[in-house]
Amino acid sequence: MKVLLLKDPKEDDCGQDPYIRELGLYGLDAALIPVLSFEFLSLPSFSEKLSHPEGYGGLIFTSPRAVEAVELCLEKDDKTEAWKKSLKEKWNAKPAYVVGSATASLVRKIGLETEGEKCGNAEKLAEYICSRIPMESITVYQKIPHPGIQGNLKSYFSREGVPASITFFSPSGLTYSLQHIQELAGDSIGQIQFAAIGPTTARALAAQGLPVSCTAELPTPGALAAGIRKALHAHSCC
């Protein structure tokens with residue numbers, strides 16, 4: 001069966017996107033189409049905050065893009081050496097909370113130990129954190145539609161037909177792609193099993209009147225693959 005994942009491809013140490021690999025273990029033919037691009041914001045302000053770990057009780061990384069923002073700040077402001085010599089150690093004395101294993105892996109690559117990745121989603125992580133430290137937030141990127149979304153979706157549907165399942169990885173991804181999917185699928189939209197990476201995205205799907213056949217128990221390749229396989233199997237038995 002063909003399944004479509006609306007996300008950027010990300011190769012792991014084995015040279016393959018882990019979602020493609022995990023779905024393949026269940027005999028599912030998965031494809032990836034990116035639906036979001038990102039613009040980084042407020043980097044000078046963020047860089048200044050990174051230079052003063054004494055003013056904060058820790059860091060919270062909500063996505064891989066937040067880690068990229070740290071890397072950009074270090075590169076653009078020539079703070080790489082300062083990070084290695086002192087800043088990293090000072091921040092490591094404080095907790096670095098993360099949403100999901102993908103973000104945790106990137107945070108560890110910049111030298112920080114992580115907490116909270118097993119919470120499963122942002123809501124549970126927030127509950128975990130709120131009882132521990134006061135928070136200050138800074139927005140370091142915004143989501144915009146991927147410039148190739150319409151063409152890539154049209155090419156996929158022309159080549160592969162209507163997939164058995166489509167997975168959304170964020171409410172924004174749903175917003176930017178749903179109209180194109182509805183137009184391409186036409187009357188066959190009802191045969192698609194819609195899946196969500198987490199409860200927030202599942203609620204966004206439901207708000208659009210779409211049935212959610214699967215919500216991953218954890219935002220990981222293995223959990224999503226198992227959920228999609230179970231949903232497709234249940235549908236085929238009906």
Side-chain angles (χ1 to χ4, degrees), residues 6-12 17 32-117 119 121-149 168-177 197-198 200-201 204 219:
L6 300 181
K7 67 177 289 291
D8 286 335
K10 300 285 186 182
E11 292 185 358
D12 59 13
D17 186 280
L32 304 172
I33 292 180
V35 295
L36 297 175
S37 292
F38 300 91
E39 291 180 336
F40 288 96
L41 309 169
S42 307
L43 293 185
S45 176
F46 185 38
S47 181
E48 179 66 17
K49 294 177 187 297
L50 285 174
S51 298
H52 296 283
E54 70 278 1
Y56 300 94
L59 289 165
I60 304 171
F61 293 92
T62 58
S63 73
R65 261 63 57 188
V67 189
E68 290 178 31
V70 171
E71 293 174 325
L72 284 173
C73 288
L74 298 179
E75 291 171 4
K76 288 186 176 182
D77 296 336
D78 295 324
K79 290 182 177 177
T80 303
E81 286 303 312
W83 178 262
K84 292 179 179 178
K85 290 181 179 179
S86 62
L87 289 176
K88 180 175 67 174
E89 183 179 355
K90 290 177 180 178
W91 279 115
N92 247 335
K94 307 168 186 289
Y97 300 103
V98 297
V99 178
S101 57
T103 303
S105 177
L106 292 174
V107 171
R108 286 192 289 267
K109 285 183 179 179
I110 63 172
L112 300 180
E113 297 300 319
T114 64
E115 291 187 34
E117 64 185 280
C119 288
N121 58 59
E123 293 174 351
K124 291 180 180 178
L125 179 64
E127 294 173 3
Y128 177 80
I129 296 171
C130 283
S131 61
R132 289 166 170 78
I133 58 172
M135 289 185 287
E136 174 186 332
S137 66
I138 180 170
T139 301
V140 295
Y141 67 90
Q142 66 180 0
K143 300 172 183 176
I144 59 175
H146 189 281
I149 179 175
F168 295 91
F169 284 76
S170 70
S172 298
L174 171 66
T175 298
Y176 296 140
S177 63
I197 193 61
T200 302
T201 304

The side-chain hydrogen bond (donor to acceptor under 3.5 Å, both in side chains) partners of E71 (sequence neighbours excluded) come to none
Quick one, F61 and V70 - any side-chain contact, counting heavy atoms below 4.5 Å? yes
Sorted by chain and residue number, the ring-ring contact (aromatic ring centres under 6.0 Å, His included) partners of Y141 (sequence neighbours excluded) come out as F38
What one should report as the nearest heavy-atom pair of S177 and L6 is OG-CD1, 3.5 Å
### Query
Do V35 and F168 come close enough that some side-chain heavy atom pair is under 4.5 Å?
no
Those residues at least two apart in sequence (or on a different chain) that pass salt bridge (Lys or Arg N to Asp or Glu O under 4.0 Å) with K7 are D17
Here the pair of heavy atoms bringing P64 nearest to L106 is CB-CD1, 3.4 Å
Let me check something: any side-chain donor-acceptor pairs from residues 92-103 under 3.5 Å, sequence neighbours excluded? List them with distances.
unit_1	atom_1	unit_2	atom_2	d
N92	OD1	E113	N	3.0
N92	ND2	G111	O	2.6
K94	NZ	P53	O	3.2
K94	NZ	Y56	O	2.9
T103	OG1	V99	O	3.2

S42 meets the side chain to side chain contact (heavy atoms under 4.5 Å, CB included) criterion, sequence neighbours left out, with I138
With sequence neighbours left out, the residues meeting side chain to side chain contact (heavy atoms under 4.5 Å, CB included) with S37 are I144, H146, P147
Separation between CD (E68) and SG (C73), nearest 0.5 Å, reads 12.0 Å
Here the gap from I149 atom CD1 to Y176 atom OH, rounded to the nearest 0.5 Å, amounts to 9.5 Å
Rounded to the nearest 0.5 angstrom, the CD-CG distance for E75 and D78 is 10.0 Å
Sorted by chain and number, sequence neighbours left out, side chain to side chain contact (heavy atoms under 4.5 Å, CB included) with T175 holds for none
Rounded to the nearest 0.5 Å, the CD atom of Q142 sits from the CG atom of L41 at a distance of 4.5 Å
The side-chain hydrogen bond (donor to acceptor under 3.5 Å, both in side chains) partners of E123 (sequence neighbours excluded) come to R203
The side chain to side chain contact (heavy atoms under 4.5 Å, CB included) partners of E54 (sequence neighbours excluded) come to H52
With sequence neighbours left out, the residues meeting ring-ring contact (aromatic ring centres under 6.0 Å, His included) with F169 are Y19
Taking every heavy atom of S170 against every heavy atom of T201, the minimum-distance pair comes out as CA-OG1, 3.3 Å
Taken to the nearest 0.5 Å, the spacing of I60 CD1 from I129 CD1 works out to 3.5 Å
Residues E115 and Y128: closest non-hydrogen pair is OE1-OH, 3.5 Å
Hits for side-chain hydrogen bond (donor to acceptor under 3.5 Å, both in side chains) against T114, two or more places apart or cross-chain, chain-then-number order -> R108, E117
Closest non-hydrogen contact found for I110 with W83 is O-NE1, 3.0 Å
The reported gap from CG in L74 to CG in L50 (rounded to nearest 0.5 angstrom) is 6.5 Å
K79 meets the side-chain hydrogen bond (donor to acceptor under 3.5 Å, both in side chains) criterion, sequence neighbours left out, with S47, S51
